[in-house]
Protein chains: 2
Amino acid sequence: MSTPRRITLKDLARELGVSTATVSNAFNRPDQLSPALRERILGEARRLGYRGPDAMARSLRTGRSRIIAVILAESLTYSLNDAVASEFLSGVAEVLDTQGHTLLLLSSRQTQGQIPGSASMADGFIVYGLMPSPSLLGRLPAQASLVSVDFDIAGRPTVHVDNEAACLAIARHALRMPPRRPAIVNLRLTAEPCNGRITPSHALLVAEQTITRSRLTGFHRALAEHGVDPAGVPMWNIEENTFEVCAPVIEAILDSPDDERPDLLLCMSDRIALTAVTLAEQRGLRIPEDLRITGFDGIAEGQYRAPHLTTVRQDSTEKGRTAARIILGLTPPASSLLTTELMVGDSCP
Amino acid sequence: MSTPRRITLKDLARELGVSTATVSNAFNRPDQLSPALRERILGEARRLGYRGPDAMARSLRTGRSRIIAVILAESLTYSLNDAVASEFLSGVAEVLDTQGHTLLLLSSRQTQGQIPGSASMADGFIVYGLMPSPSLLGRLPAQASLVSVDFDIAGRPTVHVDNEAACLAIARHALRMPPRRPAIVNLRLTAEPCNGRITPSHALLVAEQTITRSRLTGFHRALAEHGVDPAGVPMWNIEENTFEVCAPVIEAILDSPDDERPDLLLCMSDRIALTAVTLAEQRGLRIPEDLRITGFDGIAEGQYRAPHLTTVRQDSTEKGRTAARIILGLTPPASSLLTTELMVGDSCP
DNA sequence: TTCGCCATCTGGATCGATTCAGTCAGCTCG
DNA sequence: CGAGCTGACTGAATCGATCCAGATGGCGAA
């Protein structure tokens, strides 16, 4: 019982007494042969159980795989459960689908600066959210196109929003009613593990990621405008944008003695803000009377239940679409700055 | 300025005066050549900017791509934003990562029974959540392995939970305190668009998907046990498991005249249940006093805010891990039935 | 009738690796 | 000393398509 060798285009050609070129054309360029012959070929293919040209052989020959890889900053486990990253991927997938391309998912964390060999067959790479190690970039196929999202890679197109302006805007809004004790809750300020209180004076220095740094700068500018010394504003850092990781830090903040507990939390993500809302409510704090909270991202969940979140909406799906369009060459490979929108909800009217 | 042809293994071999076989071995089988020569080859490769064997050529020759495709029932946009599907994908990704495989995402909806050629290079397929059209199955490469999740494909291994038993259990729990007007909110009972009220008598007949049908059967059995005629229990159908699609249906349910409004909602997903919680609270209904609600899935969000959801937890991540292990051959290709756990929360004590 | 011309079809090189069946030199051992 | 073995390396077939640069034949125009 030897497995019958798979049927190839060549078998089909021999069987029909035509050349392989013609069979290939039957599948790829209907205009290159007579309809009658094409029908005969397709019919025979069906009869023999030939499933069409082999994808690998085609890719080897043509040099294109119709696969686009997205390299995610965090683990896939995290990214797939994060609303912002998921929306981004949706946008990417949406455009790829319409163009007959498929989506390969990679995480830069898992790969430790390597990318699995199988990924290098991708025609293009979308790097999302975090600067990949130089060695990873060096390993990408030379001819592959590259788009980064939310940060710059020298000489490559980027899709991003103006984080500093957005944070400036939302902080200005929040500060119109002067808080007695404002505080900032950062997201992933450093690559180093650090979950909890940090000193403001060092925050900007250690902010390795442009995205966090820009947001922080926006907050600080608004504070300074209102005569508040940013160095005096307490700051906490959240390592990962999940309820589980946020919760203990938020608890710590809320556990501050009454005269030290912040009455305004400028959070760098909706996930953080929502966690704060939930935990504050559990303690009987009134929002916004006792504690005002702002978020960032504008995820749908923030608008489901009262109080609606005050936040900055960025259209992550559109970000994904834009990145995909650039990668596929539907759009010139230029950097693209998407707009954001201040959304005033009940959590900080 | 012609682009300098990319460097190949053959160039490297010529440059060094060794055979291509030896260069290949330097990358793939260090034991097949002397360490000194290997170093020389690797050094020269670095010098020439050779990035290692080409993935496509390798895949063509070896017949394996180290890519695993997941075919999702719904659109990628939906799946990536659905907690259950995302958790499932996390589990898959987690196992694939450890084995140096990568994850390709496809949606059966988009592909309309076709799969893009580029996908057919996958070594294995995980079909998630919905019976793909026979034509799609027929188009998969013959040698590829296949695992289905949450439904059976004849002769292929499946990963699933006992939906009927789980729904029997949670409905039994809910019915211990007899409701005056129980109701069922289905998820995707039919492939046809249908969002809203449906007649119970036809529900089982039109339930095309085994998963929905099993859950419904579980509910019905429990109702019958408690002397309630399932045919008299009103039913609604939800087309898509999102807040936006759920909300109008839930509104309609809650808009029933007071003497017809259900006081127990058996929901087929946590998303539906959470939507019901949110909208009921907005109307000032007390949970569970005025309305008891049960879910299904056990997503994390259900436990964040009060009232905690009464639900059946299924470990979607483990489902993903199991499917991936089977596809990779780490586990014998046998169907696997995962356990569920009744979680009693405040929404239906 | 002859000359293009067009539509249709063909041969074969090519993409970039892997791998099997050897070759060859050097070493051991009786 | 020579048989046999081992480790290191090689040559060339192969994977399954794509796509040039032609070949062929039929047909209309001159």
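We name chains A, B, ... by the order of the sequence lines, and we start the count at 1 in each one. What you see is a predicted model; the values in this text were computed from it and never measured.
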Between P of C:dT14 and CG of B:L60, the distance in whole Å: 17 Å
Per the under-4.0 Å heavy-atom filter, residues of residues 21-37 of chain B near DNA chain D come out as B:A21, B:T22, B:L33, B:S34, B:L37
From the candidates D:dA12, D:dT18, D:dT10, the one with an atom nearest any side-chain atom of B:V18 is D:dT10
Given B:E94, which of B:K319, B:R321, B:R325 fulfils the salt bridge (charged side-chain N to carboxylate O under 4.0 Å, His left out) condition? B:R321
Just how far, in rounded Å, is C1' of C:dA17 from CZ of B:R51? 17 Å
Scan for side chain to side chain donor-acceptor pair (under 3.5 Å) pairs involving residues 30-44 of chain A, sequence neighbours excluded, and state none if there are none. A:E44-A:R47
How close or far is atom C1' of D:dA8 from atom CZ of B:R40, stated in whole angstroms? 13 Å
Hey, does A:T20 reach any base, or is it just sugar-phosphate, or nothing, if we go heavy atoms under 4.0 Å? base
State whether B:T8 places a side-chain N or O below 4.0 Å from either non-bridging phosphate oxygen (OP1 or OP2) of C:dG16. no
Please confirm whether A:Y50 and A:F27 have ring centers closer than 6.0 angstrom. yes
Between B:S90 and B:T317: side-chain donor-acceptor atoms closer than 3.5 Å: no
Once you round it to whole Å, what is the distance between P of C:dA17 and CG of B:L12? 9 Å
Is any side-chain N or O of B:R58 under 3.5 Å from a base N or O of C:dT18, one able to act as donor and the other as acceptor? no
So does B:V18 get a backbone contact from the side chain of B:T22, meaning a donor-acceptor N/O pair under 3.5 Å? no
Okay, side chain of A:D123, backbone of A:S65: is any donor-acceptor separation there less than 3.5 Å? yes
So, for A:I326 and A:A334, which heavy atoms are closest and what is the spacing to 0.1 Å? CD1-O, 3.5 Å
Atom OH of A:Y78 and atom OG of B:S86: how far apart are they, to the nearest 0.5 Å? 12.0 Å
Among the candidates D:dC19, C:dG16, C:dA17, find the nucleotide nearest to the side-chain atoms of B:R6. C:dG16
Can you tell me the distance, in whole Å, between the CG atom of A:L9 and the C1' atom of D:dC19? 12 Å
Whole angstroms only, please: what is the CZ-P distance between A:R64 and C:dG16? 15 Å
Is it the case that A:T158 and A:D152 place a side-chain donor and acceptor less than 3.5 Å from each other? yes
Can you tell me which nucleotide in D:dA17, C:dG11, C:dG12 comes closest to the side chain of A:A57? D:dA17
Rounded to 10 degrees, the angle between the two terminal axes of the helix from C:dT1-D:dA30 to C:dG30-D:dC1, each from five pairs: 50°
Look at B:Y50 and C:dG16 and indicate whether a side-chain polar atom (N or O) is within less than 4.0 Å of OP1 or OP2. no
Can you see whether A:S336 engages A:T322 through a side-chain donor-acceptor pair at a distance of less than 3.5 angstrom? no
Send over the distance from A:M56 CE to D:dT18 C1', rounded to a whole Å. 17 Å
Rounded distance in Å - CG (B:D54) to C1' (C:dC15): 9 Å
